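First the structure, in the form of structure tokens, and then the observations on it.
All of these numbers come straight from a predicted model, not from anything done at the bench. Residue numbers count from 1 along this sequence.
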Amino acid sequence: MKTARPAPASHDALAQVFGALRRDAARELIAMGALVLALAWFLSDMAGLGVDYRLKALLCFAAGAALVWRGLPHHPHPRFGPANRVTLARLALMALVAALIGEALPRPPLSATSPAVWWLVVVATATALLDAVDGALARRTGLSSVFGARFDMETDAAFTLVLCALVLQAGQAGPWVLASGLMRYTFVAAARHWPWLSAPLAPSKRRQTVCVVQITVLIVCLGPIVPPWLASALAALGLALLTLSFATDVRTLARLRPTPLEA
């Protein structure tokens, strides 16, 4: 028995849904931006940082918010959703951490500035822990989307790069530690030259686990009680795991690469 196909949504209906989404997202972005400014003000006063810290935090968040706004057409739901709200909170915390790049904190030796650096560890840990919330929340509310998955992945990538820069700034590892943060962006750049690298990959527990390990290791490296030799060893282990994970994905994509006759 044939079943009737649902009628395609009209242009006006789609425009109405997208308009509602934009209004909802705008409220979330503005509210979170105001919170970032307030927290940056509080943290800069507490840690003795200058006005430039507040400006950098706000600019980092604004850059991320602009990318979120640009990606909204790929969000299929009329609401921004609680899961994306959690990821947006992670982006806000990441901006507060990223604004420390170039500041007097963290600097070697870490033990000399331990009270303030412990706050950095706490904020970074909260950012990492929230990563376990957004995906589960999206599935529970039925608001999973490609947009949300990409938002989550890019926030993880930017957070990893920021942590790498801070580990270098703190004198806990050499410049090579930046390779962990730059690997994702190198992969994206390579995909522009070799399009087969941009083919979709199946979800992978191995990939998720390595990401969690990588971020956890970098946060541990920022601990004032962790000596530089140990931090370097942990960061090197994290880099080795990440390299192996990327190599596995590249090999998989190479095997799936269409032959010249299929292209």
Main chain of [Y], side chain of [X]: is a donor-acceptor contact present, judged purely on distance under 3.5 Å?
{"X": "R139", "Y": "S144", "value": "no"}
{"X": "Q172", "Y": "A231", "value": "no"}
{"X": "S198", "Y": "P195", "value": "yes"}

If you measure from [atom1] on [X] to [atom2] on [Y], what distance do you get to the nearest 0.5 Å?
{"X": "I225", "Y": "L230", "atom1": "CD1", "atom2": "CG", "result": "9.5 Å"}
{"X": "L130", "Y": "M94", "atom1": "CG", "atom2": "CE", "result": "13.0 Å"}
{"X": "L166", "Y": "I219", "atom1": "CG", "atom2": "CD1", "result": "11.0 Å"}
{"X": "R257", "Y": "T252", "atom1": "CZ", "atom2": "OG1", "result": "13.0 Å"}
{"X": "R107", "Y": "L100", "atom1": "CZ", "atom2": "CG", "result": "10.5 Å"}
{"X": "L239", "Y": "S180", "atom1": "CG", "atom2": "OG", "result": "4.0 Å"}

Side chain proximity check, [X] to [Y], heavy atoms < 4.5 angstrom:
{"X": "R85", "Y": "L137", "value": "no"}
{"X": "M153", "Y": "D156", "value": "no"}
{"X": "F159", "Y": "L93", "value": "no"}
{"X": "L168", "Y": "W176", "value": "no"}
{"X": "H74", "Y": "R150", "value": "no"}
{"X": "I215", "Y": "T127", "value": "no"}
{"X": "E103", "Y": "D52", "value": "yes"}
{"X": "V217", "Y": "L241", "value": "no"}

Quiz item: Between R54 and S44, does any side-chain donor sit less than 3.5 Å from a side-chain acceptor?
Solution: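 Per modelled atom types, R54 and S44 side chains form a pair under 3.5 Å.
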
Quiz item: Any side-chain donor paired with an acceptor under 3.5 Å for Q214 and T160?
Solution: no

Least distance between heavy atoms, [X] atom then [Y] atom:
{"X": "G33", "Y": "L58", "answer": "O-CD1, 3.8 Å"}
{"X": "A124", "Y": "L163", "answer": "CB-CD2, 4.2 Å"}
{"X": "L72", "Y": "L21", "answer": "O-CD2, 3.7 Å"}
{"X": "A99", "Y": "A57", "answer": "CB-N, 3.4 Å"}
{"X": "P228", "Y": "G171", "answer": "CB-O, 3.9 Å"}
{"X": "A95", "Y": "F61", "answer": "CB-N, 3.7 Å"}

Self-check item: side chain to side chain contact (heavy atoms under 4.5 Å, CB included) between R207 and L201, intermediate numbers included
Solution: CA-CA 11 Å; R207 203 177 302 124; L201 284 164; 3.7 Å; yes

Practice problem: Just say parallel, tilted or perpendicular for the rings of H77 and H75, cut-offs at 30° and 60°. | Solution: perpendicular

Practice problem: For the pair F80 and F147, name the ring-plane relationship: parallel under 30°, tilted 30 to 60°, perpendicular over 60°. | Solution: perpendicular

Exercise. Please assess F187 against L197 for the test side chain to side chain contact (heavy atoms under 4.5 Å, CB included), listing each intermediate value before the final yes or no.
Key: CA-CA 8 Å; F187 183 83; L197 284 173; 4.0 Å; yes

Do [X] and [Y] share a hydrophobic cluster (ILVMFWY, side-chain heavy atoms under 4.5 Å, transitive)?
{"X": "V210", "Y": "F246", "result": "yes"}
{"X": "I101", "Y": "L91", "result": "yes"}
{"X": "L43", "Y": "V51", "result": "no"}
{"X": "M32", "Y": "F42", "result": "yes"}
{"X": "V122", "Y": "L96", "result": "no"}

Quiz prompt | Criterion side chain to side chain contact (heavy atoms under 4.5 Å, CB included) on L120 and L222, from CA distance to verdict | solution = CA-CA 8 Å; L120 164 61; L222 289 170; 4.1 Å; yes

Practice problem: Give the C-alpha distance, both sets of side-chain angles, the deciding distance and a yes or no for side chain to side chain contact (heavy atoms under 4.5 Å, CB included) between Y185 and L161. | Solution: CA-CA 10 Å; Y185 300 103; L161 180 57; 4.0 Å; yes

